[in-house]
Number of protein chains: 2
Amino acid sequence: MPVTKGTAIDPARTRAGLLAAATDLLYRRGLDGIGVAELCTSIGVSKETLYRHFGSKDGLVEAVLQARSDRVTAWLAGAAADAGDDPEAQLTAVFDALGRWHAEPTFRGCALLNAATQWHDGHEGTARATAARHLDRRLELLTGIARRAGAPDPAALGRQLLALVVGATVLADLHPGAAPSAPRDAAITLLRAACPTVSNDQRSTDVTSSE
Amino acid sequence: MPVTKGTAIDPARTRAGLLAAATDLLYRRGLDGIGVAELCTSIGVSKETLYRHFGSKDGLVEAVLQARSDRVTAWLAGAAADAGDDPEAQLTAVFDALGRWHAEPTFRGCALLNAATQWHDGHEGTARATAARHLDRRLELLTGIARRAGAPDPAALGRQLLALVVGATVLADLHPGAAPSAPRDAAITLLRAACPTVSNDQRSTDVTSSE
DNA sequence: CACAGATCGAACCGTTCGGTACCATCTGTG
DNA sequence: CACAGATGGTACCGAACGGTTCGATCTGTG
């Protein structure tokens, strides 16, 4: 039965729903962990529809990763913005948001990093390139915080913080248990060490005991 | 032609060579990036030989990951031991060793972490479990340094350092360019911040300018 | 010399993969 | 009402996958 009776024909909506469902399934199962056939039956769509919208599985994956990178980047930037103007508060907010994400039962690591690892070579490097851009955007956020905090070398501090973010995300997936606040505490320590003059009024706050 | 003429029959050596070649190929191409058939022809061995030694592709992968974890763990511990008794010097040595590894042209990330990501589920979780044990061993090394440095909470500092190590390894693979010394500087900063009394004679050393 | 064990090469099996083609059936538009 | 476009369902394709089996041929041992 083609075009289930009563369904509104709306290619844009079809594509959006396809993208959302594929995002979830590919994240949970891995890029090679689910085939196009099962993907289509799980989503409730025919292969022809999928291929008309995305051209190939690579195209679908590319669209999924792009959309996810956009969403996650905006989400983290929003978390930082909601924390007000203080750079240290923004950094705390970023790591706390990451911590809540890591604690979700469906968490399986960063979809972009996982994709880049799974499709390290081949597939014309779509996943690698998208993940690299994703990290660029994350670095931009952290470097901005470092700059506003008055760090003498915002780029260097940004990269230190990025390493912490990435490490925390990978560990939350692959290493069991342990205190989830460690990366946040480390980030605050690095920020304070790099910016001797930052937020003096909060200098006495004991970061490590807030867990 | 069976058993190439003149070849000494030595199952142990065959297995060792098999393991070494498979380690390299599976690392470069990914666990799903190369099939058993191509694996065998590239190594120069028949499928029957491979299956007699390892039982299945999963068994081969498991053996490869175990051996790699052992080797890498010993290598890093050796780098730390060669740096003498000072914990800060040991930590520097560890991150410098990691930096040299990351700079190698064949570097493609940590084989254990890559494997755990590629075989996140399925395959009876062999890769995940092996990677978790690998991280345990790395954590043990870092926690030991933290403890000997006099950190009030060696476990917490160890986890902070582990996040840095993991983040640095992933970034070196997936993010282009940038200063490779950032993670090392961050590690030293964290160590000094956590241990107010550590190596006072080296306190004046400017870590950030050594790059 | 005889026999056991190790190895190669190749054929083979069932399954799954990404991708294509075709057709019936629905919606939306004029 | 007529027609174009979107969709579902199904069958199909060639290739690759992990794994098994068999026979020929070598080494090592007694």
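Convention: sequence-line order gives letters A, B, ...; per-chain numbering from 1.
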Chemist: Can you check the A:Arg13 CZ to C:dG28 C1' distance for me, whole Å?
Modeler: 16 Å
Chemist: Would you mind reading off the distance between B:Ile34 atom CD1 and D:dC17 atom P, rounded to a whole angstrom?
Modeler: 9 Å
Chemist: Mind calculating the distance between CG (A:Leu31) and C1' (C:dT16) to the nearest angstrom?
Modeler: 17 Å
Chemist: Does the pair A:Asp70 and A:Arg137 meet the rule for a salt bridge (Lys or Arg N to Asp or Glu O under 4.0 Å), with working shown?
Modeler: CA-CA 9 Å; A:Asp70 291 347; A:Arg137 301 163 94 176; 2.8 Å; yes
Chemist: Taking any strand in view, what nucleotide pairs with D:dG30 in a Watson-Crick or G-U wobble way, both distances under 3.5 Å?
Modeler: C:dC1
Chemist: Let me see the working for B:Asp96 and B:Arg184 under salt bridge (Lys or Arg N to Asp or Glu O under 4.0 Å), right down to the final yes or no.
Modeler: CA-CA 7 Å; B:Asp96 283 344; B:Arg184 184 198 58 189; 3.0 Å; yes
Chemist: State, without any angle test, whether A:Arg128 and A:His123 hold a side-chain donor-acceptor pair at a distance under 3.5 Å.
Modeler: no
Chemist: Check whether any side-chain N or O of B:His53 sits under 4.0 Å from OP1 or OP2 of C:dA6, and answer yes or no.
Modeler: no
Chemist: Pairing check on D:dG23: which nucleotide meets the Watson-Crick or G-U wobble criteria with it, both distances under 3.5 Å?
Modeler: C:dC8
Chemist: What is the distance, to the nearest angstrom, from the NE2 atom on B:His123 to the P atom on D:dC17?
Modeler: 14 Å
Chemist: Is there a donor in the side chain of B:Arg133 and an acceptor in the side chain of B:Ser69, or the other way round, less than 3.5 Å apart?
Modeler: no
Chemist: Of the nucleotides C:dG18, C:dT7, D:dT7, which one has an atom closest to the side chain of A:Val36?
Modeler: C:dG18
Chemist: Can you check the A:Phe54 CZ to C:dT20 P distance for me, whole Å?
Modeler: 16 Å
Chemist: Looking only at side-chain N and O atoms, does B:Thr49 come under 4.0 Å of OP1 or OP2 in C:dC8?
Modeler: yes
Chemist: Atom pairs under 3.5 Å, N or O on each side, protein against nucleotides 21-23 of chain C: can you list them with distances?
Modeler:
{"unit_1": "C:dC22", "atom_1": "N4", "unit_2": "A:Glu48", "atom_2": "OE1", "d": "2.1"}

Chemist: Parallel under 30°, tilted from 30 to 60°, perpendicular over 60°: which one fits the rings of A:Phe107 and A:His102?
Modeler: tilted
Chemist: Just checking B:Gly44: base, sugar-phosphate only, or nothing, at a heavy-atom cut-off of under 4.0 Å?
Modeler: sugar-phosphate
Chemist: Rounded to whole Å, how long is the line connecting atom CG of B:Leu39 with atom P of D:dG19?
Modeler: 12 Å
Chemist: Is there a donor-acceptor contact under 3.5 Å linking the side chains of B:Trp119 and B:Asp58?
Modeler: no
Chemist: Does D:dT7 have OP1 or OP2 under 4.0 Å away from a side-chain N or O of A:Thr14?
Modeler: yes
Chemist: Could you state the CD-C1' distance from B:Glu38 to C:dG9, rounded to the nearest angstrom?
Modeler: 17 Å
Chemist: Taking the nucleotide of DNA chain D with the closest heavy atom to each, which residue, B:Lys57 or A:Ala12, is nearer the 5' end?
Modeler: A:Ala12
Chemist: Compare side-chain N and O positions of A:Arg52 against OP1 and OP2 of D:dA6 and report whether any pair is under 4.0 Å apart.
Modeler: no
Chemist: B:Arg15 has an atom CZ; how far is it from atom P of C:dT7, in whole Å?
Modeler: 12 Å
